[in-house]
Amino acid sequence: MTIQHFSDARTMPSVPIHGDYLPTRVTALEKLFPDARIRLHAKLDQLQMSGSTKERTAKFLLDDLEASGALKPGGTVVESTSGNLGMALARQCTQRGFRFVAVVDERANEAALQTMAAFGARLERVPTPADGNRLRARVERVEALLAQHRDAVTTRQYGNPANPAAHASTTMPEMVASLGAAPDYLYVAMSTTGTALGCQQAIEREGWHTKLVGVDAEGSALFGGAVGERKLPGLGAGFETDLSADAHPHAVRRIRESDMIRGCRVLARREGILAGASTGAIVAAIARDLPTFEEDACVAFLVHDGGSAYLPTVYNDVWVRAEINGGAQALASLDRNDPFTAHP
Ligand SMILES: Cc1ncc(COP(=O)(O)O)c(C=O)c1O
């Protein structure tokens, strides 16, 4: 059995990864919802080089800028990021020989900021504006920087068709290839909506029957949502992004932060997958939808990022109790109702 592992590894040639994403595995999850009569699968994009699906997005955004001639050798890229795209862009820019300026806000995980800096990015920290709309404040700072530095370019993640193209040509086809067939349901979290839109484009292009469920945060403005305070980065947006105008998920699920945390904790304890808040939101959305699935339905989701950067927040009881509405109850409910996740 061990020998098999070695031989698998030996068949993988040494190739340069450079500024690129990795194809990732899909795993069957049998312990997350043991009583549900569904086939549940997760695509492990936390295994990307910078720890998130955004490695795919970054590659397509940078390839597009390079191909158009807008980004020349030694050039500077500016982008607003909640963390993951910033880490992926920082990594790929340094590898490709570009400078990168990351416009970030106070909600970004400290580990994400340190990672960007480690890759040589310059961080522009935008304070939370009076109206609380951090995303808009970041986008305005990007525009101000571009006006000051005429040779700098932006990847425009909120409206750039290269963003969904990454997922239409890699994420969704890989998912289907791993499963051997299109899933009945696909759950993805939304912020720019690039991932959802790209998966939707692949579904439409190939005529797959998959129902796409977009998972959003309570307090996000996407799809007519009411804007409210959000503490966790990754999913949700403070305005309706340009890309979202073309995204038409079969259903949108809005998830409270306390339920994202429960989703993350249960995924870690039952399946040994340490994921970020948006994946926890997906787990919560699937849990909510369990009664509606047909028997034996194939349900797939994306693990958008890993959980290490969320150890001080999502996985920290003190922080959850102090910062999250309903956080104490969420932790107590894990302990009370579920011996599997109970603390020893
Ligand atoms: C952890 C995580 N999950 C989900 C998303 C949403 O992806 P998209 O921007 O493609 O909608 C993001 C985007 O930043 C993210 O960082």
Side-chain angles (χ1 to χ4, degrees), residues 21 42-46 48 50-61 79-89 102-105 107-109 111-112 115-116 134-135 138-139 155-168 170-172 186-202 212-217 220-223 230 232-247 249 252-253 255 257 260 263-264 267 273-285 301-310 313-314:
Y21 69 96
K43 184 164 177 58
L44 303 176
D45 252 18
Q46 78 274 37
Q48 297 290 349
S50 64
S52 87
T53 305
K54 292 286 175 177
E55 199 73 52
R56 300 171 188 272
T57 322
K59 177 208 162 42
F60 275 66
L61 293 172
E79 182 57 288
S80 145
T81 168
S82 69
N84 281 325
L85 184 68
M87 287 190 281
L89 282 175
V103 179
V104 297
D105 64 44
R107 200 170 46 200
N109 287 322
T115 304
M116 289 181 228
R134 298 182 179 94
L135 180 51
R138 279 196 264 134
V139 170
T155 36
R156 274 196 321 113
Q157 63 159 327
Y158 306 101
N160 191 336
N163 173 352
H167 308 288
T170 76
T171 314
M172 189 64 192
L186 175 71
Y187 284 70
V188 298
M190 302 185 296
S191 178
T192 66
T193 72
T195 314
L197 177 56
C199 291
Q200 171 191 312
Q201 288 168 347
L212 176 69
V213 182
V215 178
D216 195 6
S220 159
L222 291 171
F223 300 99
R230 291 175 292 122
L232 294 170
L235 77 168
F239 58 76
E240 299 212 59
T241 64
D242 288 349
L243 291 176
S244 71
D246 294 325
V252 173
R253 299 278 177 260
I255 306 296
E257 294 193 316
M260 296 177 200
C264 283
L267 185 64
I273 295 176
L274 191 71
S278 69
T279 307
I282 291 174
V283 170
F301 69 91
L302 188 60
V303 178
H304 287 265
D305 68 352
S308 306
Y310 303 79
T313 56
V314 167

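What's counted below: heavy atoms across the whole structure, side chains too, no hydrogens, waters or symmetry copies. None of these values were measured; they are calculated from a predicted model. For ligands, and for the atoms within them, numbers begin at 1 and follow the listed sequence.
Looking only at protein heavy atoms, the nearest one to atom 10 (O) of ligand 1 is T195 OG1, 2.5 Å. Scanning the protein heavy atoms around atom 12 (C) of ligand 1, the nearest turns out to be G234 O, 3.0 Å. Nearest protein heavy-atom contact of atom 8 (P) of ligand 1 is T192 OG1, 3.3 Å. Nearest protein neighbour of atom 13 (C) of ligand 1, counting heavy atoms only, is K54 CE, 3.0 Å. H304 ND1, 3.3 Å is the protein heavy atom nearest to atom 4 (C) of ligand 1.
Not one N or O on the side chain of S244 forms a donor-acceptor pair closer than 3.5 Å with the backbone of A247. A distance-only check finds no donor-acceptor pair linking the side chain of E257 to the backbone of A277 [under 3.5 Å]. The main-chain N or O of A111 is found under 3.5 Å from a side-chain atom of T115 such that the two form a donor-acceptor pair. Judged by distance alone, with hydrogens and angles left aside, the side-chain atoms of S220 form no donor-acceptor pair with the main-chain N or O of D216 at under 3.5 Å.
At a cut-off of 3.5 Å, with distance as the only test, a side-chain donor of Y158 or S80 sits close to an acceptor on the other residue. A donor atom on one side chain and an acceptor atom on the other are found under 3.5 Å apart for T192 and N163. Side-chain contact, H167 with T57: a donor N or O sits under 3.5 Å from an acceptor N or O. Using modelled atom types and a 3.5 Å distance limit, the side chains of Y310 and D305 yield a donor-acceptor pair.
Contact analysis puts D305 in contact with ligand 1, with a non-hydrogen atom separation below 4.0 angstrom. Within the 4.0 Å heavy-atom cutoff, T193 counts among the residues contacting ligand 1.
When the options S244, G306, S278 are ranked by their closest heavy atom to atom 3 (N) of ligand 1, first place goes to S278.
Ion pairing of D45 with R56 is present here, as a side-chain N (NZ or NE/NH1/NH2) and a carboxylate O approach within less than 4.0 Å.
Within the listing of ligand 1, atoms 8 (P), 10 (O), 11 (O) sit less than 4.0 angstrom from a heavy atom of G194. Of all atoms in ligand 1, listed by their number and element, those nearer than 4.0 Å to a heavy atom of N84 are 1 (C), 2 (C), 15 (C), 16 (O).
With a 4.0 Å cut-off on non-hydrogen atoms, H167 does not touch ligand 1 at all. Residue contacts with ligand 1 for S191 involve both N, CA, C or O and side-chain atoms from C-beta outward (heavy atoms, distance under 4.0 Å).
In terms of polar-atom proximity, Q157 is not counted as a contact of ligand 1, lacking any N or O under 3.5 Å from an N or O of the ligand.
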